[in-house]
Amino acid sequence: MTGAARSAGWLRAMPAVFVLIWSTGFIVARYGMPYAPPLKFLAVRFALSMVCFLVWVRWARVAWPRDRAQWAHLAVTGVLMQAGYLGGVWAAVRAGMGSGLAALLVSIQPVLTAIWLSMRGGAVSRSQWAGLFLGFAGLVMVVSRKLGQGGEVNALTMALALTALFSITAGTLYQKRFLAPCDVRSASAIQLGAALLATLPLAALEADPIQWNLASGGAMAWSVLALSLGGSSLLYLLIQRGTATAVTSLLYLVPPCTAVMAWLLFSEPITALTLAGIAITAVGVSLVVRS
């Protein structure tokens, strides 16, 4: 296989690999959440991930952005897509919101992205609109079983979940609009540094310490190596290479994929409604991406 063929094959596989990695986020939360306050856990994750990228940048002699404006734009996207999104989701679940409801609220992002682009004169076709709403309907079917399981909804949990939703939506649109192409390794180091600075003051307010054991240590290792170095880097590359609507529609596939992982790892039941929802979600996403 030639280098061009391998590159083309990797580009085609990127969305599937991203969905698989990103879907492990809630699995990691289930392992690590009982032993660590959410913002302290994320602060350590951001710090370790940044160090890994800095070592990678130094080893590979990767160039840093030369434009100061690009540094500022990367910092903004880091605060939104790392600190705002992850902090909001983890804090909402820790405050009592069920993971199914949190996943459902955050997954409204593709619709918000399409609405914003339409208001700004962007091209969102009828088939893409149909795919967005079809995917959301399938998503509701997938997580409907979990909506009533301990998912307390109050002003705090809703505010945290909505913060996560608007943060990742704004971060995706901001990155697509303002960031010039640059190496994902140096860009990720800057983003994680900004997210760390934004998270540290809030993490200091959490009274409970992190309890280090096999579960929390494993969750941290996977969060750094797979989710930050792998998942976040892939999301950055996908946004740079694709349309915002098509990329964000991939997030519809995360809760169904997580449901399958939870079935395999924790024996959580998968009903006929869940399987139907997974199929409908996949059809909806295919309409958006194909268009």
Side-chain angles (χ1 to χ4, degrees), residues 3-4 6-22 24-25 28 39 41-88 113 164 167-203 220-244 246-248 250-251:
R6 286 194 297 268
S7 178
W10 166 240
L11 290 176
R12 287 193 295 269
M14 277 174 60
V17 175
F18 164 74
V19 170
L20 287 174
I21 293 177
W22 207 256
T24 63
V28 167
L39 297 181
F41 184 94
L42 289 175
V44 176
R45 169 182 166 176
F46 294 153
L48 294 176
S49 301
M50 182 182 66
V51 170
C52 290
F53 274 114
L54 288 174
V55 172
W56 196 358
V57 167
R58 181 66 180 272
W59 175 76
R61 298 182 179 179
V62 171
W64 293 91
R66 296 183 179 180
D67 188 352
R68 290 184 179 180
Q70 286 300 303
W71 281 72
H73 293 323
L74 285 167
V76 171
T77 57
V79 171
L80 290 172
M81 300 180 69
Q82 298 283 350
Y85 168 65
L86 293 175
T113 302
S167 291
I168 193 169
T169 303
T172 301
L173 293 169
Y174 189 96
Q175 176 172 325
K176 190 65 181 175
R177 171 67 178 83
F178 291 106
L179 283 186
C182 59
D183 193 282
V184 65
R185 291 162 290 189
S186 56
S188 296
I190 297 170
Q191 289 177 322
L192 288 163
L196 176 61
L197 291 176
T199 306
L200 278 176
L202 297 174
M220 181 63 71
W222 184 262
S223 295
V224 172
L225 299 176
L227 290 171
S228 290
L229 273 69
S232 297
S233 298
L234 284 172
L235 179 59
Y236 178 91
L237 291 172
L238 286 168
I239 293 173
Q240 289 294 310
R241 292 176 178 273
T243 64
V247 173
T248 55
L250 295 174
L251 297 179

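When reading the values below, keep in mind they use all heavy atoms of this one structure, side chains included, and skip hydrogens, waters and symmetry mates.
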How many angstroms lie between [atom1] in [X] and [atom2] in [Y], if you round to the nearest 0.5 Å?
| X | Y | atom1 | atom2 | answer |
| --- | --- | --- | --- | --- |
| Leu179 | Gln70 | CG | CD | 5.5 Å |
| Met81 | Leu192 | CE | CG | 11.5 Å |
| His73 | Tyr174 | NE2 | OH | 4.5 Å |
| Ile21 | Leu229 | CD1 | CG | 10.0 Å |
| Thr24 | Leu227 | OG1 | CG | 4.0 Å |

(Q) According to side chain to side chain donor-acceptor pair (under 3.5 Å), does anything in residues 179-203 pair up with another residue at least two apart or in another chain? List the pairs. (A) Thr77-Gln191, Asp183-Arg185
Q) Taking it one step at a time, do Tyr236 and Leu74 satisfy side chain to side chain contact (heavy atoms under 4.5 Å, CB included)? A) CA-CA 11 Å; Tyr236 178 91; Leu74 285 167; 4.2 Å; yes
Residue list, side-chain hydrogen bond (donor to acceptor under 3.5 Å, both in side chains) with [X], at least two apart or on another chain:
| X | answer |
| --- | --- |
| Trp22 | none |
| Ser223 | none |
| Ser232 | Gln82 |

Q. Got a sec, which pairs hit salt bridge (Lys or Arg N to Asp or Glu O under 4.0 Å) with one end in residues 67-81, sequence neighbours left out?
A. none
List the atom pairs, with distances to 0.1 Å, where a side-chain N or O of residues 42-56 and a protein N or O form a donor-acceptor pair under 3.5 Å, not counting sequence neighbours.
{"residue": "Arg45", "atom": "NE", "partner": "Ser228", "partner atom": "OG", "Å": "3.1"}
{"residue": "Ser49", "atom": "OG", "partner": "Arg45", "partner atom": "O", "Å": "2.7"}
{"residue": "Ser49", "atom": "OG", "partner": "Ser228", "partner atom": "OG", "Å": "3.1"}

Q.
Within the structure provided, determine whether Trp71 and Ile190 are in side-chain contact (heavy-atom separation under 4.5 Å).
A. yes
**Q.** For Ala195 against Gly78, the heavy-atom pair lying closest together
**A.** CB-O, 3.6 Å
**Q.** Heavy-atom pair with the smallest gap, counting every atom of Gly87 and Leu39
**A.** CA-CD2, 4.0 Å
